[in-house]
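One is the number of the first residue; the rest follow in order along the sequence. Order of listing sets the numbers, starting from 1, for every ligand and every atom in it.
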Amino acid sequence: MNRIVTLDEFIIKRQKDFPYASGELTGLLRDIGVAAKIVNREVNKAGLVNIIGEAENSNASGDTVQKLDMYANDKLIECLKNSGECCGIASEENEDFLALPSVESKSAKYVVVFDPLDGSSNIDVNVSVGTIFGIYRRKSDTKGKVQLEDFLQKGTELVGAGYVVFGTSTILVYSTGSGVNGFTLDPSIGEFCLSHKDIQIPDRGNYYSVNQGYYLKFDVEMRRYIDYCSDLNLRLRYIGSMVSDIHRILLQGGIFLYPNTRKFPNGKLRLLYECNPLSFLVEQAGGKGINTKLERILDMQPTELHQRTSIVIGSPGMVDEMKAFVEKYSTPTPYVAPTNGATTS
Ligand code: P6P
């Protein structure tokens, strides 16, 4: 039987691999691990405690906020204050970013973006949900307050990212830029234990993940690619919780698509705290994440906290294949001559 390696032990050991690491990121990751355990405790008994059901308010994106979302949001913020390594957070559940008070007059170097409970519409029907987080080094002067620019950073600037899937078991998967590792919570000892070492996404897989209900609202090239997946007899799996769909694809291969639709012309999913952290992880595991304009997700320059994007993410061989469909079938935007009388060369 393999020796148990806890998340804390792994984080500390990995810190030694970075000669200049001073422990701040270690403290931050441990805070997130604690928050995950606390949220797990409530998610596991959500059916028993009166925290299920729609809260009276909605979040910045206009989604109805489930009480468990708010609970998870509050716990993550509370835990991120512990080590004093985080100076600000941006959450799906908060309209604006939050500056966190300094602890023991530390000048914290990091900000954290997160979706506290992704796929929360699944809560009432006991289907898996998840937390997604991304960690950036702040850009603004550490002597001053955290600024919006600290959050509007490209995904390539992430120093760490991860997710927690609250499913048949609770698994925390993260990367700080040197590979992806997964830890399963052992409730009997209250520890996340290394269970998925150095995750590598297969080049291809038997799954494709898309909301088939919007098929007729997708652009033609997307519909052609989805037809192609169906022709290949790939299996359609779509949970309605991105983090759960991506977890399957990370382990078994496949492709997840949320293209633009008429209702969401720029895509529905959020760039900062859904697509960037998950694309960082998938790329670290050897996969790819692009938008339907074929731009690499991590290269996109965010312009607002709750910005949305289309996304196609997963096995590299399958993302490349989808790109070929877009290049072959997308109808180029018709050229409209300038009407100001200027001559076109
Ligand atoms: P739809 C959950 O609300 C979420 O943000 C993702 O986790 C999920 O993949 C997607 O939206 C589901 O959206 O429009 O298919 O219900």
Side-chain angles (χ1 to χ4, degrees), residues 39 43 46 52-55 57-70 72-73 76 90-94 113-134 161-167 171 173 207-219 222-223 226 229 236-250 254-282 287 289-292 297 302 304-314 319:
V39 173
V43 167
I52 273 192
E54 296 186 359
N57 57 0
S58 61
N59 66 18
S61 305
D63 296 338
T64 304
V65 179
Q66 304 268 351
K67 290 180 186 175
L68 209 49
D69 283 22
M70 290 163 68
N73 198 51
L76 263 163
S91 164
E92 181 189 36
E93 305 306 346
N94 297 80
V113 297
F114 59 76
D115 182 350
L117 217 57
D118 172 60
S120 50
S121 57
N122 288 340
I123 295 168
D124 286 356
V125 291
N126 202 28
V127 173
S128 60
V129 293
T131 296
I132 309 170
F133 64 89
Y163 60 76
V164 185
V165 180
F166 303 100
I171 294 183
V173 175
Y207 296 103
Y208 69 109
S209 188
V210 66
N211 186 330
Q212 193 73 20
Y214 302 152
Y215 175 84
L216 294 175
K217 298 169 179 70
F218 293 149
D219 294 338
M222 283 299 135
R223 282 184 268 132
I226 292 167
C229 292
L236 176 60
R237 292 287 188 280
Y238 191 74
I239 297 179
S241 160
M242 182 183 189
V243 68
S244 310
D245 286 316
I246 297 296
H247 185 61
R248 172 194 291 107
I249 286 168
L250 203 58
I255 191 167
F256 174 95
L257 309 98
Y258 204 117
N260 45 296
T261 61
R262 276 182 229 125
K263 181 181 177 186
F264 295 112
N266 295 319
K268 173 191 178 186
L269 301 177
R270 289 77 168 187
L271 176 60
L272 241 62
Y273 39 77
E274 286 178 319
C275 297
N276 264 339
L278 293 175
S279 296
F280 177 87
L281 282 171
V282 165
I290 60 174
N291 61 29
T292 49
I297 292 285
E304 54 184 66
L305 289 181
H306 303 286
Q307 175 174 340
R308 298 176 189 270
T309 178
S310 60
I311 184 166
V312 176
I313 181 173
V319 172

Atoms of ligand 1 less than 4.0 Å from [X] heavy atoms?
{"X": "M242", "value": "6 (C), 7 (O), 8 (C), 9 (O)"}
{"X": "G119", "value": "2 (C), 7 (O)"}
{"X": "R270", "value": "5 (O)"}
{"X": "G240", "value": "2 (C), 7 (O), 8 (C)"}
{"X": "Y238", "value": "1 (P), 9 (O), 10 (C), 12 (C), 13 (O), 15 (O)"}

(request) Measure the acute angle between the ring planes of H306 and Y273, then classify it against the limits of 30° and 60° as parallel, tilted or perpendicular. (result) perpendicular
N or O pair under 3.5 Å between [X] and ligand 1:
{"X": "L269", "value": "no"}
{"X": "S241", "value": "no"}
{"X": "N211", "value": "yes"}

(message) So which atom in G314 and which in V282 form the shortest heavy-atom distance, rounded to 0.1 Å?
(response) O-CG1, 3.9 Å
(message) Looking at non-hydrogen atoms alone, which of R308, E92, K268 comes nearest to atom 13 (O) of ligand 1?
(response) K268
Taking [Y]'s backbone N and O only, do any of them form a donor-acceptor pair with [X]'s side chain (distance below 3.5 Å, no angle check)?
{"X": "S244", "Y": "I239", "result": "no"}
{"X": "R308", "Y": "N266", "result": "no"}
{"X": "D245", "Y": "S209", "result": "no"}
{"X": "T309", "Y": "G267", "result": "no"}
{"X": "D115", "Y": "I132", "result": "no"}
{"X": "T131", "Y": "L117", "result": "no"}

(message) Heavy-atom distances under 4.0 Å decide this one: backbone, side chain, both or neither, for D245 against ligand 1?
(response) neither
(message) Could you check whether any heavy atom of S121 sits closer than 4.0 Å to an atom of ligand 1, since that is the contact criterion I want to use?
(response) no
